[in-house]
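As C-alpha cells, the structure follows; a few thoughts come after it.
Every chain is numbered from 1, with letters handed out A, B, ... down the list of sequences. Treat the numbers as computed from the prediction; the structure is a model and nothing was measured.
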Amino acid sequence: MRLVGRPAASWARLIVAVGLTLGALSVQAQETLPDELVKSVTLEVVSVIAKDRDIQAGNRQKVVGLVEDKVLPHFNFTSMTALAMGQNWSKATPDQKKRLTDEFRILLVRTYASALAAYRDQKFEFRPLRAKPTETDVVVQVRVLQPGAQPVSIDYGMEKTAAGWKVYDVIVGGVSLVANYRTDFSSIVRDGGTESLINSLRAKNRSIAATAEKK
Amino acid sequence: MTSAVLIERIASARMIFAALVLAMLAGCATQVGDTVDPLEPMNRAVYQFNDGFDRAIAKPVGSAYRDTVPVPIKDRVRNFFGNIGDIFIGANNLLQGKFADGASDWARVLWNTTFGLLGIHDVATEFGYEKHNEDFGQTFGRWGAGDGAYLVLPILGSSTVRDALGTVLDLKTDPLGHARPVADRNVMVVLRATGQRADLLDASRILEEAALDKYAFQRDAYLQRRHSLIRDGVPVAPVAPRSGADLNESLSATVSQDEQSPHVPATDDVVTSASAVGRL
C-alpha cells in the first residue's frame, strides 16, 4: 500500500470510500440472513482453529475463549434454558432463572468448545435456507462431510430477535441438544426442585473446570 | 459389532434370541406404562458393566490405536470395513424401498472394491456416491415397528427391542462373520471394533462433559438419533418456539399435558410440542 505521498484529494476519496463501506457493512450486519450468519461464523471459527497451534495442541482455555468471542453472541441462552426446562421454567423465580441460565451457559460453552476441539479438517456443506422472508423461526442446515463416513448434519434452530438472528437449539445428527437436556433437567427438578438442578449444574461445571486445569 | 466373536463364544444365536424374546415380553408387559425405559434398573446395571469394560479395555485400546496408528492407515482400515458394511447397507435400503439409495450403495461397493483396491480407498465418495447409514433395526423402523423398550445390551450398548432384533440379523449377515480361518476373522473383528471405538473417542468425551446423568443423556441421544436415522435425517422440528407469547403458550400446553402423565419422555415431548405448533 503506497498511500504515503498521494495528493490530499485521493486521501479524502479513500476515507469516503472506507466510510461508505463500513456503513454498508453495519447495515448488512443487522440484516444478515440466518444461513449466511451460520456460514460466516462457522468458516471464521474453523479458520482460526486451523491456524492456531495452541488449539490444535489441546489448549482448551483458548477454544473456550474463541467460542465466547465468536459464537456466544449468536446464541440466545435464555431461550435455550427455558426450552430445556420445559414446564418447570414458569415455576422458577426470576433469580433462579438467571442463575440457571448462567450455569447452563457455562456448560454449553464448554461442551461446544469440546466439540470444536475435535475438529480436524472436515469439510462443510451449507444448505441454502428455504424459508419465506417473513418467517421468524427457521432451521439452518449444515452438513459436515468426512471421508469414509456418512455426513453428519448440524441443524441450528434460530429465531429472529431485535438483536438479529439467534440460535436456540443445536441438533447434531438428529439429536436436539435442548430436547436431550429436557429429560436430564426434569428428572432432577422432579426429585429435588429447581435449586437442586442449579446445584447439579454448578457442580458439573466445577468438575469440568477442575479436570481441564489438570490437563 | 464389537463382540461378534465374543457373543458367538458366550452364547449361541438361539440363546440370544430367547433372551430377546424374554426382553420383548418384559417390554410388552411394562410398555403400557408411561416411560420409554421400563427396564431402567436392569439397563443401568448393564450400563455400569459396559462402562467398566470400556474404561478397562475398549477405551484404552481405542486411544492407543488413535495415538499410534498414522491417519492414512486409519482411513484405510475404516474404508475397508466401511466397504464391507456397504453391502448390507445397500440391502437394507432396498428392503426399505429406497432403490436409488440401494443402487448407489452397491455402486459404491463396486467402485471401491475395484478402483479403491479392495475398499481401502473410498473413491466412490469422490465419484458422488455418498455413504449411507442403514441397518436392520432401521429397516424394521421404516416398516413401522416402534422402538419397544429401551435396552442396554452387554458390550454393544444402547439399543431397543426393535434394534436388538435388528442387531441379531446384522450380526448374522455380517460378511466378516463368515470370514475364515476363524483366527483371521477374529483379528478383523477386533480391528474393526478398535477403529470404531477410536472414532468415538471425541464423542464419548463430549458426552462425559455434557451430561448431568450420563445414562439418561446417552439413552435420550440414542433414541433421538435412531428416530432421525429411520427418517433419513429429515429434520425433526426443533423443540418449540421461542420468545414471548408463543413460548408461554406452548409451555402452558406442555404443562397441561404433563399433568396427565408426569413422566412423558423427552422425545415424545419434542414431537407433541412441535406438532402442537404445526411444525412437523
Side-chain angles (χ1 to χ4, degrees), chain A residues 76 78-79 82-87 89-91 107-108 110-111 114-115 117-118 120 136-137 139 141 143 145 147-151 153 155-161 166 168-188 190 197 200-201 203-204 208 211, chain B residues 71 75-76 78-79 82-83 122 125-126 130-133 199 201-203 205-206 208-213 216-217 219-222 224-229 231 233 235-243 246-248 251-252 254-259 262-267 269-270 273 279:
Chain A
N76 186 344
T78 314
S79 276
L83 291 169
M85 282 289 281
Q87 79 273 18
W89 183 249
S90 53
K91 294 176 201 153
L107 184 62
L108 287 175
R110 292 205 176 264
T111 307
S114 193
R120 293 293 170 262
T136 56
D137 189 354
V139 178
Q141 292 176 273
R143 298 209 310 162
L145 308 176
Q150 199 206 18
S153 64
D155 299 342
Y156 296 90
M158 298 181 79
E159 55 178 326
K160 196 175 192 172
T161 72
K166 303 284 178 194
Y168 67 86
D169 193 11
V170 183
I171 304 134
V172 182
V175 180
S176 150
L177 204 61
V178 164
N180 234 56
Y181 273 111
R182 198 178 264 192
T183 344
D184 227 12
F185 282 12
S186 75
S187 71
I188 296 176
R190 192 170 52 229
L197 175 61
S200 305
L201 283 168
K204 180 82 203 173
I208 298 173
T211 39
Chain B
V71 172
D75 287 347
R76 285 170 195 186
R78 191 185 303 113
N79 289 339
N83 185 44
D122 182 9
T125 294
E126 282 154 45
E130 198 169 83
K131 187 164 176 68
H132 298 127
N133 180 335
D199 286 342
L201 283 167
D202 287 322
R205 180 175 47 80
I206 294 167
E208 199 92 37
E209 292 182 9
L212 295 177
D213 175 0
F217 207 81
R219 175 192 62 205
D220 298 335
Y222 175 81
Q224 282 200 64
R225 174 75 181 142
R226 293 299 290 180
H227 293 159
S228 163
L229 284 173
R231 298 160 54 113
V236 180
V239 180
R242 32 330 76 109
S243 47
D246 245 11
L247 180 62
N248 292 333
L251 289 183
S252 58
T254 320
V255 171
S256 58
Q257 259 166 17
D258 281 8
E259 274 163 4
H263 303 291
V264 176
T267 39
D269 263 3
V270 181
S273 60
R279 294 246 223 99

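- For A:Ser114, the parts lying near chain B are the backbone and the side chain together; criterion is any non-hydrogen pair under 4.5 Å.
- At a 4.5 Å heavy-atom cutoff, B:Asp75 makes no contact with chain A through either its backbone or its side chain.
- At a 4.5 Å heavy-atom cutoff, the contact between B:Ala216 and chain A is made by side-chain atoms alone.
- The two atoms that bring A:Gly174 and B:Gln224 nearest to each other are O-OE1, 3.4 Å, heavy atoms only.
- Here the side chain of B:Glu209 pairs no donor or acceptor atom with the backbone of A:Ile208 at under 3.5 angstrom.
- Nearest heavy-atom pair, A:Gly173 versus B:Ser228, reported as atom, atom and distance to 0.1 Å: O-OG, 3.7 Å.
- Proximity to chain A (any heavy atom under 4.5 Å) is restricted, for B:Leu229, to the side chain, taken from C-beta onward.
- B:Ala221 and A:Asn180 get closest at one heavy-atom pair: N-OD1, 3.1 Å.
- In plain terms, the two heavy atoms of A:Gln150 and B:Arg225 that are nearest each other are OE1-NH2, 3.7 Å.
- Only the side chain of A:Ile188 comes within contact range of chain B, with heavy atoms under 4.5 Å apart.
- No donor-acceptor distance shorter than 3.5 angstrom exists from the side chain of A:Asp184 to the backbone of B:Phe217, with no hydrogens or angles considered.
- Interface remark: B:Glu126 contributes no atoms to any contact with chain A (heavy atom separation under 4.5 Å).
- Remark: A:Thr111 OG1 to B:Arg205 CZ distance equals 10.5 Å, nearest 0.5 Å.
- With values rounded to the nearest 0.5 angstrom, B:Asp213 atom CG is found 9.5 Å from A:Thr183 atom OG1.
- In this structure, no portion of B:Arg226 lies under 4.5 Å from any heavy atom of chain A.
- Between B:Asp220 and A:Tyr181, every side-chain heavy-atom pair lies at or beyond the 4.5 Å cut-off.
- To the nearest 0.5 Å, atom NZ of residue B:Lys131 and atom CG of residue A:Leu145 are 14.5 Å apart.
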